Amino acid sequence: MTATVSFAVDSPAAGRRTVEVAYERSGTGAPLVLLHGIGHHRQAWDPVLRILAAERDVIAVDLPGFGASPALPDGLTYDLGTMVPVLGAFFDALGVVRPHVAGNSLGGLLALELGREKLVRSVTALSPAGFWTRSERRYAFGVLRAMRGAALSMPMPMIERLSKSSPGRTALTSTIYARPGRRSPDAVVSETVALREATGFRQTLEAGLTVAFTDGVPDMPVTVAWGVKDRLLLRRQGVRAKQVIPGARLVRLPACGHVPMNDDPAAVARVILDTSR
């Protein structure tokens, strides 16, 4: 079921604001919230939804300013100090108490922050942001800006034409997928459009300039999983994540890139289900 929900968020700087979030909910079992990366949308999780929904009440979210969710209202910023309370208010609006959470990239960082704030009961972070060096962050942000620029510059007929062939899908998505040929043409078009239309992209990237995850996430199951072929956030960052969160389980995902749900859905789903027991 695809739906939207509106809820109030109180900001010390901006007062009370109303935020609207789009999401898709399916399955039965313990609640599991899925958070995508910057410039992406909830459909990034489509390859694993059916597997997860067989055992969990799955809630795939379009983060504010991405996918079908409107931008945050004036006065609210895209930093962690705002986004974590926004997601907490989203849980409350759905009547979900301390769900399990899995996130990829930006979503992985948000998942870890939600865990640190004790708003969730387990965390699965797939190639999470925040464990970079300055040079690694500059590289990643440069790649993201280039991807956004390419998406903005290409006319729709070109995007659609490229999506119809495996080499074309590779040209459009090989930065985030190790196996871009597996992605369907419709999915590639949809996520390219999501990148070009992401109203929260610039503000989210700017907020990330000062982000580093340096705290542990005690008293709950945490898994950090990294694609061995991640070309955006290099896999050595997973070792740093394990050092920062010594209680976490570190999992390598062979033959997977930065967005591993498409490259190996069965392996990713198993990691999430094992962590969220």
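Worth saying up front: this structure is predicted, and the values here are computed from it rather than measured.
R17 and S11 are not linked by any side-chain donor-acceptor pair at a separation below 3.5 angstrom, with hydrogens and angles left out of the test. S184 and D186 share no side-chain donor-acceptor pair at under 3.5 Å. When only modelled atom types and interatomic distance are considered, T223 and R249 share a side-chain donor-acceptor pair under 3.5 Å. Between the side chains of H258 and D230, at least one donor N or O lies within less than 3.5 Å of an accepting N or O. T77 and T82 share a donor-acceptor pair across their side chains, judged by distance under 3.5 Å alone.
Residues L234 and V239 fall into different hydrophobic clusters, defined by Ile, Leu, Val, Met, Phe, Trp and Tyr side chains chained together at heavy-atom separations under 4.5 Å. In the hydrophobic clustering of ILVMFWY residues, with side-chain heavy atoms under 4.5 Å counting as a link, V97 and F7 come out apart.
Side-chain atoms of Y78 come within 3.5 Å of backbone atoms of L72 as a donor-acceptor pair (strictly under, hydrogens ignored). Of the possible donor and acceptor atoms, none in the side chain of W226 sits under 3.5 Å from a partner among the backbone N and O of G257. Between the side chain of H36 and the main chain of L63, a donor-acceptor pair closer than 3.5 Å is present.
In this structure, CD1 on I245 lies 10.5 Å from CZ on R116, to the nearest 0.5 angstrom. For the atom pair D57 CG and S26 OG, the distance stands at 8.0 Å (nearest 0.5 Å). The CG atom of L253 sits 7.0 Å away from the CG atom of L126 when rounded to the nearest 0.5 Å. Distance CD1/I176 to CG/D263: 9.0 Å, rounded to 0.5 Å.
Looking at E206 and R202, a side-chain N of the basic residue comes within less than 4.0 Å of a carboxylate O on the acidic one, giving a salt bridge. Taking the charged nitrogens against the carboxylate oxygens, R196 and E191 have no contact shorter than 4.0 Å, which rules out a salt bridge.
When side chains are defined from C-beta on, W132 counts as touching Q237, because their heavy atoms get closer than 4.5 Å. Side-chain atoms of Q43 and E24, non-hydrogen and from C-beta on, never get closer than 4.5 Å to each other.
The shortest heavy-atom contact between S69 and A22 is OG-N, 2.8 Å.
Residue M158 belongs to a hydrophobic cluster whose other members are M154, M156, I159, L162, L172, V188, V189, V193, with links defined by side-chain heavy atoms closer than 4.5 Å.
For residues 172-218, the set of pairs meeting the ring-ring contact (aromatic ring centres under 6.0 Å, His included) definition, not counting sequence neighbours, comprises F131-F213.
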